[in-house]
A.B. asks: 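Structure incoming, see below.
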Number of protein chains: 2
Amino acid sequence: MHFLIVEDTRDVAEAIERRLEKAGHVSDRAETLEDAAHFAAMASHDLIILDINLPDGSGIAFLKRLRAEGNRVPVLVLTARLAVNDKIDALDLGADDYMIKPFDLGELEARIRAIIRRRSGEADRTLSVGLLTFDMAARSVLIDGRPCELTRREQTLLEIFLTNRGRVLDKEDLLVRLFGHDGEKNPNAVELYVGRLRRKIEGSGLEIRTLRGLGYQAVIAETEA
Amino acid sequence: MHFLIVEDTRDVAEAIERRLEKAGHVSDRAETLEDAAHFAAMASHDLIILDINLPDGSGIAFLKRLRAEGNRVPVLVLTARLAVNDKIDALDLGADDYMIKPFDLGELEARIRAIIRRRSGEADRTLSVGLLTFDMAARSVLIDGRPCELTRREQTLLEIFLTNRGRVLDKEDLLVRLFGHDGEKNPNAVELYVGRLRRKIEGSGLEIRTLRGLGYQAVIAETEA
DNA sequence: CGCACTATGACAGCTTGTTGACAGGCTCAC
DNA sequence: GTGAGCCTGTCAACAAGCTGTCATAGTGCG
């Protein structure tokens with residue numbers, strides 16, 4: 001999953017990012033509404049975690065604009081204030097949930113899971129292709145019943161491919177989904193991880209095809225003659 | 001086991017917590033419905049001990065909401081009132097049992113055990129893997145028939161692993177299950193206890209594997225060639 | 001054949017996990 | 001109440017293994 005964290009208190013933002021990273025997700029961080037708008041314009045996030053109090057305005061306004069533009073990305077609002085109005089405003093404007101600071105990171109994660117689950121309507125947390133099974137809850141991968149050990153990055157990559165089967169994924173896109181927008185990584189890193197993943201899921205029934213100049217595509221392997 | 005105690009009389013809450021702790025369990029404590037709701041959102045408790053009279057409302061309402069949300073966690077209701085209505089309401093709303101204050105801690109413990117037993121489908125109270133046997137009632141461990149002495153924390157950890165075999169458990173998650181939500185402990189503590197537990201259950205047929213960056217996983221040891 | 005793109009081995013750096021030692025706290029026996 | 005002894009959890013040093021860059025080899029296309 002790919003999140004956007006809009007939060008000007010760096011400690012908090014970092015803590016959230018780290019927590020989500022451990023769960024195998026990638027986050028972008030914005031400290032102002034302006035940055036947030038830029039990120040949101042790229043429209044590729046699975047969920048936005050939005051602080052209300054920001055140096056250049058209210059997160060509420062941002063949320064309002066977002067919805068006005070027709071952007072339906074799930075939003076979880078953070079607020080330091082207990083103001084009931086904020087809460088009501090936020091939910092009225094299309095926030096999916098809100099949390100009052102200080103909050104527990106475990107709860108944040110749980111609520112994020114809840115939102116994602118609600119939104120995607122799919123309670124099922126295992127993805128399967130051929131002999132390969134990816135259990136998102138247990139964060140484990142089985143191939144023909146045998147456990148397959150993937151590192152964090154490899155898991156993230158596999159999840160991306162599994163949830164976008166058949167779709168051609170641009171290398172730039174994969175780069176962002178794997179590493180976020182910061183610290184521009186070498187596109188080669190994607191090739192590297194695709195290579196590593198390929199070797200590990202060999203014979204699983206899932207194949208990652210290279211489309212020269214276009215990107216990669218996960219397909220069900222041909223049993224072929 | 002991981003409990004949630006919702007009770008605003010601090011003495012009572014503490015007494016319960018201490019008693020359960022001695023039995024090797026971990027508890028979170030909430031003094032208001034609001035706190036309780038936050039904890040419950042994390043949905044990781046094995047049982048909730050719920051007082052009816054709380055400063056910000058009735059525990060009954062909380063229970064009602066919980067069930068409305070589809071949360072099936074076992075609930076034991078505490079009430080100072082003898083009101084028959086409360087009792088009926090509570091059970092109708094899906095409480096598993098109720099006790100009238102003042103009560104005996106020993107009886108509370110017994111009822112908790114009963115609820116847990118009932119809920120787990122009368123499943124026998126011992127967990128076995130390979131040569132290892134864990135008796136949940138007696139909280140004792142045998143390896144190849146020989147007793148294996150574990151400290152409270154080690155037992156708790158073992159129980160977590162045994163009831164989540166094959167599943168990858170995030171270190172953050174283990175931290176909460178071992179220590180509850182209060183007094184943020186060092187993640188290293190988890191590593192430490194995993195290490196200690198590993199040494200004690202060596203050769204028992206249960207193995208705790210490390211998945212770097214992801215967490216720990218209990219698996220049946222390879223007899224291997 | 002030349003070019004651009006992709007694959008892969010190797011490596012240095014760094015994050016993450018392991019472990020021994022220790023100080024403080026708790027329990028229990030005396 | 002006092003001391004012994006064990007449990008606890010932090011620290012620090014060390015080990016393991018993931019990461020991502022570079023370099024180099026391979027591949028398809030015109």
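Throughout, a chain's letter reflects where its sequence line sits, starting with A, and its residues are numbered from 1. Just so you know, these numbers come straight off a predicted model, no measurement behind them.
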A.B. asks: Going by the rule salt bridge (Lys or Arg N to Asp or Glu O under 4.0 Å), which residues pair with B:Arg72 if we only count those two or more places apart in sequence or in a different chain?
C.D. replies: none
A.B. asks: Going by ring-ring contact (aromatic ring centres under 6.0 Å, His included), name the residues that satisfy it together with A:Phe3, two or more places apart in sequence or in a different chain.
C.D. replies: A:His25
A.B. asks: Verify the contact: side-chain N or O of A:Tyr216 to OP1 or OP2 of C:dA7, cut-off strictly under 4.0 Å; return yes or no.
C.D. replies: yes
A.B. asks: Which residues in residues 166-178 of chain A have a heavy atom closer than 4.0 Å to any atom of DNA chain C?
C.D. replies: A:Lys171
A.B. asks: Working to the nearest 0.5 angstrom, can you tell me the gap between B:Leu4 CG and B:Asp28 CG?
C.D. replies: 6.0 Å
A.B. asks: Measure NZ/B:Lys200 against P/D:dC6 and give the value in whole Å, please.
C.D. replies: 11 Å
A.B. asks: Enumerate the protein-to-nucleotides 8-12 of chain C contacts in which both atoms are nitrogen or oxygen and the separation is below 3.5 Å.
C.D. replies:
{"residue": "C:dT8", "atom": "O4", "partner": "A:Asn188", "partner atom": "OD1", "Å": "3.2"}
{"residue": "C:dT8", "atom": "O4", "partner": "A:Asn188", "partner atom": "ND2", "Å": "3.3"}
{"residue": "C:dG9", "atom": "OP2", "partner": "A:Arg199", "partner atom": "NH2", "Å": "3.4"}

A.B. asks: Compute whether any side-chain donor of one residue and acceptor of the other, for A:Arg198 and A:Thr210, lie under 3.5 angstrom apart.
C.D. replies: yes
A.B. asks: Which residues in residues 146-165 of chain B have a heavy atom closer than 4.0 Å to any atom of DNA chain C?
C.D. replies: none
A.B. asks: Just jot down the side-chain contact (heavy atoms from CB on, under 4.5 Å) partners of B:Arg10, sequence neighbours excluded, or say none.
C.D. replies: B:Glu14, B:Arg29, B:Glu31
A.B. asks: When the distance from CG of B:Leu211 to C1' of C:dG17 is rounded to whole Å, what number comes out?
C.D. replies: 12 Å
A.B. asks: Determine the sole option in A:Arg139, A:Arg152, A:Arg165 for which the salt bridge (charged side-chain N to carboxylate O under 4.0 Å, His left out) test with A:Glu159 is passed.
C.D. replies: A:Arg139
A.B. asks: Residues in side-chain contact (heavy atoms from CB on, under 4.5 Å) with B:Arg212, at least two apart?
C.D. replies: none
A.B. asks: Write down the distance between CD (A:Glu17) and C1' (C:dT15), rounded to a whole number of angstrom.
C.D. replies: 15 Å
A.B. asks: Ignoring hydrogens and angles, tell me if any N or O in the side chain of B:Asp170 forms a donor-acceptor pair with the backbone of B:Glu172 under 3.5 Å.
C.D. replies: yes
A.B. asks: Measure from NZ on B:Lys22 to P on D:dT8 and round the result to the nearest Å.
C.D. replies: 14 Å
A.B. asks: Counting only side-chain N and O atoms of B:Thr210, is one of them less than 4.0 Å from OP1 or OP2 of C:dT18?
C.D. replies: yes
A.B. asks: Which word best sums up how the rings of A:His45 and A:His2 line up, parallel for under 30°, tilted for 30 to 60°, or perpendicular for over 60°?
C.D. replies: tilted
A.B. asks: Between the opening five pairs and the closing five pairs of the helix from C:dC1-D:dG30 to C:dC30-D:dG1, how far apart are the helix axes, to 10°?
C.D. replies: 30°
A.B. asks: Considering only nitrogen or oxygen atoms on both sides, find all protein atoms under 3.5 Å from nucleotides 27-30 of chain D and state each distance.
C.D. replies:
{"residue": "D:dT27", "atom": "O2", "partner": "A:Arg212", "partner atom": "NH2", "Å": "3.0"}

A.B. asks: Not counting sequence neighbours, which residues clear side-chain contact (heavy atoms from CB on, under 4.5 Å) with A:Asn164? List them please.
C.D. replies: A:Ile160, A:Arg167, A:Leu169, A:Arg177
A.B. asks: Could you list the residues that satisfy side-chain contact (heavy atoms from CB on, under 4.5 Å) with B:Thr32, not counting sequence neighbours?
C.D. replies: B:Glu34, B:Asp35, B:Pro55, B:Asp56
A.B. asks: By side-chain hydrogen bond (donor to acceptor under 3.5 Å, both in side chains), which residues pair with A:Gln217, not counting sequence neighbours?
C.D. replies: none
A.B. asks: Quick one: do B:Lys200 and B:Glu149 satisfy salt bridge (Lys or Arg N to Asp or Glu O under 4.0 Å)? Show the steps, please.
C.D. replies: CA-CA 8 Å; B:Lys200 290 202 181 176; B:Glu149 311 221 337; over 6 Å; no
